[in-house]
Amino acid sequence: MKLDETHDPSLQSWVESANAEGAEFPIQNLPFGIFRRKGERTTPRGGVAIGEQILDLAALGIRTGPTLNALAAQGRPVWRGVRRELSKLLSTKNKGYKKLGEFLVPMKDADLLRPVSIGDYSDFYTGIHHASNIGSMLRPDNPLLPNYKWVPIGYHGRASSIVVSGTPITRPKGQTKSIGQQQPSFGPSKRLDYEAELGLVIGLGNRLGRPVAVKDALEHVFGVVLLNDWSARDIQAWEYQPLGPFLAKSFATTLSPWIVTLEALAPFRCPAFERAPDDPKPLPYLFGEADQRAGGFAIEVEMHLRSTKMRQDKMAPVRLSRGSFRDSYWTAAQIVAHQASNGCNLQAGDLLGSGTISGTTPDSVGSMMELTAAGKNPLKLPTGEARGFLEDGDDVIERGRCAREGCKTIGFGEAAGRIAPCVS
Ligand code: MN
């Protein structure tokens, strides 16, 4: 994907907050979302984040309706055209900018809603370091199963419980059986965890029965969001064999509200994961020269936590980890191609999760399961509290950004959720 004038790092916006040092939404980003003014009963509508403001897409004559699905279904030439137009409108070079004032809404005065209606959701497992870490806890002598390096492993998730950042997460109940227990029991999960992931939002679909070639796969991706795949490890451990995760995951998944487009991510492409010499080469339907060269995305993903006591003591959230999607064993194009390889049709608004993003260092792992060795080495919070897994009242905040020398840094906003007690 080529860079153009919209990526020029010297470009500035007449929306002052977009030019601030460290701004997540400079004019080079321009992510799409769905918003509504706080307290308004009007239909939610599409907007683009610029600094601390939202520009209503009606400024371009685009009426999205309450989801971005129709815009996402249009395909890359349209997405690119809208981005060019937005860049021109919001640039300091636009002398007629004052007319646009009526289309600007401060982000603090808006509710950000789920950006797309999600028909289907799959979650992959592309983080090889995560898969090895988890595998070594379950199977010390055989951490990575033999299919891992051949098949992008995934499972079908639940779309109805996907929520936008800020939605409380009710601790799930479920069936669990700990070692030493004769029989399983039913009750609140005691091992509630998060998973730091990214989500690909599908734009262009494919026809049923017609697979997607790896070289064309990214043409189907509208953009990327932060995704927290909340996981109840005790429920998972008991239910996952032989068909994989089910109720341990389907109680909630949190997304960030802003969809960062592949156009905005173009400066942050990187080579695909470098496979070890004795790893298999991907099968032809998963192999593309261009994908190997530049199919990776250098997106940093962080997890932060703030307990009730930290909030009371006015402490900032503490960072638990920082990983990068460049460590993904499979590229975004490979997971799209794989998902459609059997002829299954993708549709606008479908969501494909990356799987937990973990690196090789202890401060780069994207779940508490890995951070605390399944609760055996609890974390110390700045208040002195210990955490093996999540407690009620904990805020879990996922953040993401892309930074590269010579490019404007862009951010993803956040995907946050507070654990609410079990409903009895
Ligand atoms: Mn996951």
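If you're wondering where the values come from, they're calculated on a predicted model, not measured in any experiment. Computation of the quantities below employed the complete heavy-atom set of this structure, encompassing side-chain atoms and omitting hydrogens, waters and symmetry-equivalent molecules. Just follow the structure's listing: the first ligand is 1, and inside any ligand the first atom is 1.
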E195, N/O/S atom nearest the Mn ion (ligand 1): OE1
Is a donor on one side and an acceptor on the other found under 3.5 Å between the side chain of E239 and the backbone of L247? yes
Sort out for me which residue in E300, E302, E414 forms a salt bridge (Lys or Arg N to Asp or Glu O under 4.0 Å) with R399. E414
Can R311 and D395 be counted as an ion pair, charged N to O under 4.0 angstrom? yes
Suppose we only allow N, O or S atoms; which atom of D123 ends up nearest to the Mn ion (ligand 1)? OD2
Rounded to 10°, how big is the angle at the Mn ion (ligand 1) from D229 OD2 to E197 OE2? 110°
Check this for me, if you would: do R80 and D4 make a salt bridge, where the nitrogen-to-carboxylate-oxygen distance has to be below 4.0 angstrom? no
